[in-house]
Protein chains: 2
Amino acid sequence: MSAQQYANANEKYVAGFTQGDLALPPSKHTIVVTCMDARIDPAASLGINLGEAHVIRNAGGRATDALRSILVSQQLLGTKEIVLYHHTGCGMLTFHDEDIRAKLGNTPEAQGIAFLPFGDLEQSVKDDVKYLKEHPLVLKESKISGWIYEVETGRVKQVA
Amino acid sequence: MSAQQYANANEKYVAGFTQGDLALPPSKHTIVVTCMDARIDPAASLGINLGEAHVIRNAGGRATDALRSILVSQQLLGTKEIVLYHHTGCGMLTFHDEDIRAKLGNTPEAQGIAFLPFGDLEQSVKDDVKYLKEHPLVLKESKISGWIYEVETGRVKQVA
């Protein structure tokens, strides 16, 4: 889309915008971590409204990649809970590091990036929850849960 | 919230869910990069519907932190455009690395993390757009724009 098209779409959003007075700290003290996938609306899928939760999204919804943001959220903005979900049909199930590094020309820059794909969806969620529960900088009192989201149905089920 | 509360909220989402047949690649070939801030609905603010764009979110909406995800999106899922916005009232304007490292006990783990705060909102957007335009692994033909979102009004304005 062109910049003008985004600006026009935003004009409509502004015309209907009524929540300009929300506080900075998330009112439900929650962080949602999930994938960047275009088919997911993380807040809506969990019944979360504007102002209630931080939403961290990256390729796969990987916890390691979300760590910096989680620490900022916990230390500066008082969140106490982490809800992490990965999803069916994820692109991260379809490649290995060497595949994308080859596409990128196998340059030293490409070799230096861990792209964090995974081969088993449920295990990837369990691994990420374990990583957060055991990380020395993540608050020990955090409530951390792991889920799988089905892009076909919109349903989440808890697996960790 | 409890796991049961999320599951209950999700049941309502599932009951109204009608978009289970969307394709994996984003139909608008677009990536939106922005902050995890609870007050932002990135897709809605730009008139983007489910299935149309990858949405990457982290503390501040920093491009360096989003690089892995952007490369996965471009190389595997064919996106051609990056729309990045930071926002007014961002928590990243309120601290320095040494502040959060002190809160984390100044451990070696905490010392090893760059938390990526910024002192000037508009400059941070320009810096991130420049970083992406100059990065050797980001597609040269990418259309990259930088914006500021006002949490008070819902309005975006382009600054890069």
Side-chain angles (χ1 to χ4, degrees), chain A residues 1 3 6-7 9-10 12-14 17 19-20 22 24 26 28 30 36-39 41 44-47 50-59 65-66 68-69 71-73 75-77 83 89 91 94-95 100 103-104 107 109-110 113 115-116 136-137 145 151-156 158, chain B residues 1 3 6-7 9-10 12-14 17 19-20 22 24 26 28 30 36-39 41 43-47 50-59 65 68-69 71-73 75-77 83 89 91 94-95 100 103-104 107 109-110 113 115-116 136-137 145 151-156 158:
Chain A
M1 280 170 59
Y6 286 119
N10 177 251
K12 290 184 191 159
Y13 185 71
V14 171
F17 188 77
Q19 295 182 280
L22 295 169
L24 171 58
K28 285 210 192 302
T30 296
M36 66 180 176
D37 193 284
R39 298 165 293 180
D41 184 338
S45 72
L46 297 170
L50 215 59
E52 294 183 342
H54 282 149
V55 180
I56 301 169
R57 302 183 66 176
N58 62 50
D65 201 14
R68 175 186 70 89
S69 299
L71 298 179
V72 169
S73 176
Q75 294 296 325
L76 279 86
L77 293 163
V83 178
T94 66
F95 73 96
I100 186 166
K103 284 176 183 282
L104 290 164
T107 61
E109 290 89 352
I113 301 175
F115 289 95
L116 310 178
L137 297 179
S145 61
V151 292
E152 301 82 5
T153 64
R155 190 178 301 278
V156 291
Q158 190 171 2
Chain B
M1 280 170 59
Y6 286 120
N10 177 252
K12 291 185 191 159
Y13 185 71
V14 171
F17 188 77
Q19 295 183 279
L22 295 169
L24 172 58
K28 284 210 192 301
T30 295
M36 65 180 177
D37 192 284
R39 299 165 293 180
D41 185 339
S45 72
L46 296 171
L50 215 59
E52 294 183 341
H54 281 148
V55 180
I56 301 168
R57 302 183 67 176
N58 62 50
D65 202 13
R68 175 187 70 89
S69 300
L71 298 179
V72 169
S73 176
Q75 294 296 325
L76 278 86
L77 292 163
V83 177
T94 67
F95 73 96
I100 187 166
K103 284 175 183 283
L104 290 164
T107 61
E109 290 90 351
I113 301 174
F115 288 94
L116 310 178
L137 298 178
S145 61
V151 293
E152 301 82 4
T153 64
R155 189 178 301 279
V156 291
Q158 190 170 4

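Quick caveat, the model's predicted, so the values are computed rather than measured. Side-chain atoms are counted along with the backbone in the values below, which use heavy atoms only and exclude waters and symmetry mates.
Between A/V83 and B/M1 the shortest side-chain heavy-atom distance does not fall below 4.5 Å. Inter-residue side-chain proximity for B/V151 and A/Q19 is flagged as unmet; no heavy-atom pair is nearer than 4.5 Å. Between B/D65 and A/N58, the closest side-chain pair of non-hydrogen atoms is not below 4.5 Å. Contact check for B/V156 versus A/Y6: no side-chain heavy atoms found under the 4.5 Å cut-off. Side-chain contact between A/I56 and B/R57: absent, with no pair of heavy atoms (C-beta onward) separated by less than 4.5 Å. Taking 4.5 Å as the limit, some side-chain heavy atom of B/V72 sits within range of a side-chain heavy atom of A/M36.
Under the 3.5 Å distance criterion, with hydrogens and angles disregarded, no donor-acceptor pair is assigned to the side chains of A/N10 and B/R155.
With chain A as the partner, the residue from B/S145, B/A7, B/G89, B/S69 showing the most heavy-atom pairs under 4.5 Å is B/S69. Counting heavy-atom pairs under 4.5 Å between each of B/A9, B/P26, B/G91, B/A53 and chain A puts B/A53 at the top. Your options are A/T30, A/L46, A/L77, and the one with the most heavy-atom pairs under 4.5 Å with chain B is A/L46. Residue with the most contacts toward chain B among A/G47, A/G51, A/A38: A/A38 (heavy-atom pairs, distance under 4.5 Å). Among B/T107, B/D41, B/L137, the residue with the largest count of heavy-atom pairs under 4.5 Å with chain A is B/L137.
Both the backbone and the side chain of A/S45 come within contact range of chain B, judged by heavy atoms closer than 4.5 Å. Proximity to chain B (any heavy atom under 4.5 Å) is shown, for A/S73, by both the backbone and the side chain. A/E52 touches chain B through its backbone: at least one of N, CA, C or O sits under 4.5 Å from a heavy atom, while the side chain does not. If you measure heavy-atom distances from A/K12 to chain B, you find no contacts under 4.5 Å at all. Contact of A/I113 with chain B is made through the side chain alone, with heavy-atom distances under 4.5 Å. With a threshold of 4.5 angstrom between heavy atoms, A/P136 approaches chain B through side-chain atoms but not through N, CA, C or O. If you measure heavy-atom distances from A/A110 to chain B, the contacts under 4.5 Å come from both the backbone and the side chain. Heavy atoms closer than 4.5 Å to chain A are found nowhere in B/A43, neither backbone nor side chain.
Every residue two or more places apart in sequence or in another chain that forms a ring-ring contact (aromatic ring centres under 6.0 Å, His included) with B/Y13 is listed here: B/F17. Applying the side chain to side chain contact (heavy atoms under 4.5 Å, CB included) rule to A/T94 yields the partners B/L76; only residues at least two apart in sequence or on another chain are considered.
Residues B/Q158 and A/A3 share a closest heavy-atom pair of OE1-CB, 3.2 Å. Closest non-hydrogen pair, B/D37 versus A/L24, comes out as OD2-CD1, 3.4 Å. Contact between A/T153 and B/V14 at its shortest, heavy atoms only, is O-CG1, 3.7 Å.
A donor-acceptor pair under 3.5 Å links the side-chain atoms of B/R68 to the main chain of A/A59, judged by distance alone.
Atom-to-atom distance recorded for A/I100:CD1 and B/L71:CG is 6.0 Å, nearest 0.5 angstrom.
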